[in-house]
Amino acid sequence: MSYLQALVYRRSGIVLEDGKDYLVDSRLSPIARDEGVSSVDELVGKLRRGPGPELAQRVVEAMTTNETLFFRDAHPFEALKSHFVPEIMKARAAERSLRIWSAAASTGQEPYSIAITLLEAFPELSSWNVRILGTDLNEAVLERARLGRYRELEVNRGLPAQYLGKYFTRRSGDWELASSVRDMVTFRQLNLVEPWSELAACDIVFMRNVLIYFDSETKCTILRRLRSVLRPDGFLVLGGAETTTNLDDAYGSVRFGAGVYYRLKPPPADSTRGVTVPRVA
Ligand SMILES: C[S@@+](CC[C@H](N)C(=O)[O-])C[C@H]1O[C@@H](n2cnc3c(N)ncnc32)[C@H](O)[C@@H]1O
């Protein structure tokens with residue numbers, strides 16, 4: 001394994017496959033230029049000499065793929081509206097609190113699509129304590145997410161036209177998201193392969209299109225850790241190419257419409273003593 005592959009794996013869990021030289025070159029050349037070196041090889045040489053964690057972080061961030069869009073795949077947002085939120089609202093009627101985590105939020109389209117879905121379908125949540133948390137490893141994409149400003153091309157991908165008129169304002173050629181939506185989402189940096197500090201229990205977790213970059217061992221570690229963050233009756237939404245199957249059998253799957261979603265299985269009953277014992281994560 002090359003030095004760069006090892007660095008990216010150690011700091012992000014991302015597996016950089018062999019033969020991706022073109023990708024490495026295109027992503028790292030701008031950093032090489034900024035650092036005043038003439039090639040990506042020289043940049044790697046600089047990293048090897050230990051120039052500090054900032055450059056290493058920049059390099060790792062550059063190797064993340066941040067592709068996202070509003071209402072990506074559509075069906076998770078349908079399921080949010082027709083199943084997840086109604087069920088959680090029933091279960092939390094006394095505490096009136098709803099927590100949703102978008103665990104690889106990129107530039108914010110996913111958590112903002114969640115916020116718009118809640119505003120559109122559940123006006124009664126205005127008297128609830130609703131918290132949507134968007135996290136990502138990459139601080140640069142989070143900065144863009146916090147700004148809530150999107151280019152024409154970005155709002156033309158996935159966002160229904162009526163929401164553009166209702167929740168966005170034209171500003172210097174871009175589209176700015178209304179504060180009523182922005183204020184529902186908090187963004188912070190969180191690396192899924194490092195300890196998840198100060199993370200409250202969540203009712204619904206969107207962890208989409210990020211496990212695909214990891215090897216099985218890392219996926220297992222993350223899913224295991226998620227067990228103690230996802231509330232026992234909560235819902236987990238993965239990307240279309242991701243699953244818990246053969247990785248963590250604490251989760252079972254449920255199908256709503258076109259999508260498959262995941263929930264924690266109930267803890268096994270202790271048949272010898274007739275009491276229910278909590279599962280050890
Ligand atoms: C392809 S985007 C997915 C965005 C969104 N969830 C979606 O499905 O449209 C993957 C995101 O995962 C983030 N990511 C990669 N490795 C990560 C890690 N170890 N911890 C947290 N986020 C990570 C990347 O920075 C990137 O923004």
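Keep in mind the model is a prediction, meaning the values are calculated, not measured. Every number for a ligand or one of its atoms is a count from 1 in the order of the listing.
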Open item on the list: According to salt bridge (charged side-chain N to carboxylate O under 4.0 Å, His left out), does anything in residues 176-187 pair up with another residue at least two apart or in another chain? List the pairs.
Closed with: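 Non-adjacent pairs meeting salt bridge (charged side-chain N to carboxylate O under 4.0 Å, His left out): Arg149-Glu176, Arg171-Glu176.
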
Task: Leu80 side, atom CG; Ile100 side, atom CD1 - distance, nearest 0.5 Å - done: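 It is 5.5 Å, given to the nearest 0.5 Å.
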
Open item on the list: Within this structure, what is the NZ-OG1 distance for the pair Lys219 and Thr221, rounded to the nearest 0.5 Å?
Closed with: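 Rounded to the nearest 0.5 Å, the NZ-OG1 separation comes to 12.0 Å.
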
Is it the side chain, the backbone, both or neither of [X] that has a heavy atom closer than 4.0 Å to ligand 1?
X	answer
Phe214	side chain
Phe206	neither
Thr135	neither
Thr68	both

With atoms numbered from 1 as shown, which atoms in ligand 1 lie under 4.0 angstrom from a non-hydrogen atom of [X]?
X	result
Leu190	20 (N), 21 (C)
Glu67	1 (C), 2 (S), 3 (C), 4 (C), 9 (O)
Thr64	24 (C), 25 (O)
Tyr213	1 (C)
Asn138	25 (O)
Arg208	3 (C), 5 (C), 6 (N), 8 (O)

Checking a contact table here: which protein heavy atom is nearest [atom], and how many Å away?
atom	result
atom 20 (N) of ligand 1	Leu192 N, 2.9 Å
atom 7 (C) of ligand 1	Arg72 NH1, 3.2 Å
atom 8 (O) of ligand 1	Asn209 ND2, 2.8 Å
atom 2 (S) of ligand 1	Thr65 O, 3.3 Å
atom 17 (C) of ligand 1	Leu137 CB, 3.8 Å
atom 14 (N) of ligand 1	Val210 CG2, 3.7 Å
atom 27 (O) of ligand 1	Asp136 OD2, 2.7 Å

Task: Qualifying ring-ring contact (aromatic ring centres under 6.0 Å, His included) pairs with a residue from residues 182-221, counting only residues at least two apart or across chains - done: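 Sorted result for residues 182-221: Phe77-Phe206, Trp101-Trp196, Tyr112-Phe187.
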
TODO: Indicate yes or no: does Arg92 engage Glu87 in a salt bridge with an N to O separation below 4.0 Å.
DONE: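 Looking at Arg92 and Glu87, the cut-off is not met.
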
Can you tell me if [X] uses its side chain to pair, donor with acceptor, with the backbone of [Y] under 3.5 Å?
X	Y	value
Asn138	Ser106	no
Tyr167	Gln162	no
Lys265	Asp249	yes

- [ ] Decide whether a cation-pi geometry holds between Arg157 and Phe70; the criteria are a distance under 6.0 Å from NZ or CZ to the six-membered ring centre and an angle within 45° of the ring axis.
- [x]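 Ring-cation test returns no.
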
Open item on the list: Out of Ala105, Ser12, Ala104, Gly134, who is nearest to atom 4 (C) of ligand 1 when you count heavy atoms only?
Closed with: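 Closest candidate by heavy-atom distance is Ala104.
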
Open item on the list: Pairing donors with acceptors under 3.5 angstrom, does anything connect the side chains of Glu67 and Asn209?
Closed with: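 Note: Glu67 and Asn209 side chains miss the donor-acceptor criterion.
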
